[in-house]
Structure formats: structure tokens, C-alpha cells
Amino acid sequence: EKAAEVIAQMEKYNDQWWYAWGLAEVYAVMGNKDKAIDNLEIAYKLHGDFVPWVQADLYFKSLLNEPRFKEIVKGLKLPV
């Protein structure tokens with residue numbers, strides 16, 4: 001119940017990349033891959049500072065094989 005309250009508060013501010021990133025981590029841990037990736041896409045579009053480290057974030061381990069996650073990584077054009 002408390003977690004739902006925190007998420008609701010954070011969602012009000014997901015137009016700021018750090019809230020979107022945090023929500024993505026929360027949703028990934030909760031197993032809601034779609035909402036996690038939705039919020040990662042927001043952080044990506046807002047040019048969030050942490051986005052280049054998306055593959056290294058342990059909270060996103062469950063997302064590594066998701067096609068939408070791979071598209072975000074591909075869009076970063078990081079060196080291999």
C-alpha cells in the first residue's frame with residue numbers, strides 16, 4: 001500500500017528524467033517490464049544523465065532481453 005503511494009507521487013513528476021529513471025527501477029524490481037521500459041523511454045527522451053549506464057544498472061537485469069530495452073540501448077550508440 002505504501003509503495004503504491006510512493007509510486008503515485010513519483011509518477012506526478014516523471015517529466016523529470018530522475019523520477020522516470022527511479023520509477024523504471026521500481027517497476028523493474030516489481031516485475032512490471034512494460035511500465036519499467038515506458039519510464040526508461042521517458043528518461044531517454046529527456047536525455048537523462050544515467051541513461052548511458054542503463055545496461056549496468058542491476059535493477060534492469062530482467063529487462064536485458066526485452067526488445068524495447070534493446071532499442072533504447074541501440075539508440076544510445078555506445079561503443080561496443
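Keep in mind that what you see is a predicted model, and the values were worked out from it rather than measured.
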Handout entry: Residues Q16, L46; criterion side-chain contact (heavy atoms from CB on, under 4.5 Å); working and verdict
Key = CA-CA 7 Å; Q16 298 172 23; L46 295 172; 5.6 Å; no

So, taking the atom named [atom1] in [X] and the one named [atom2] in [Y], what distance separates them when rounded to the nearest 0.5 Å?
{"X": "F69", "Y": "Q55", "atom1": "CZ", "atom2": "CD", "value": "6.0 Å"}
{"X": "E5", "Y": "K2", "atom1": "CD", "atom2": "NZ", "value": "5.0 Å"}
{"X": "W18", "Y": "F50", "atom1": "CH2", "atom2": "CZ", "value": "11.0 Å"}
{"X": "M10", "Y": "Y27", "atom1": "CE", "atom2": "OH", "value": "9.0 Å"}

Which heavy atom in [X] sits nearest to a heavy atom in [Y], and how many Å separate them?
{"X": "Y44", "Y": "L76", "result": "CE1-CD2, 3.6 Å"}
{"X": "K70", "Y": "L64", "result": "CE-O, 3.5 Å"}
{"X": "L63", "Y": "A36", "result": "CD1-CB, 4.0 Å"}
{"X": "A28", "Y": "Y59", "result": "CB-O, 3.2 Å"}
{"X": "A24", "Y": "L40", "result": "CB-CG, 3.7 Å"}
{"X": "V54", "Y": "W21", "result": "CA-CH2, 3.7 Å"}

Problem - W53 ring center within less than 6.0 Å of F60 ring center - result: no

Handout entry: With sequence neighbours excluded, residues passing side-chain contact (heavy atoms from CB on, under 4.5 Å) with A20
Key =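 If we apply the side-chain contact (heavy atoms from CB on, under 4.5 Å) test to A20, skipping adjacent residues, the hits are N14, N39, I42, A43.
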
Exercise for the section: Decide yes or no for R68 and D38: does some side-chain heavy atom of the first lie under 4.5 Å from some side-chain heavy atom of the second? Expected result: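 Side chain of R68 against side chain of D38, heavy atoms only: contact under 4.5 Å found.
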
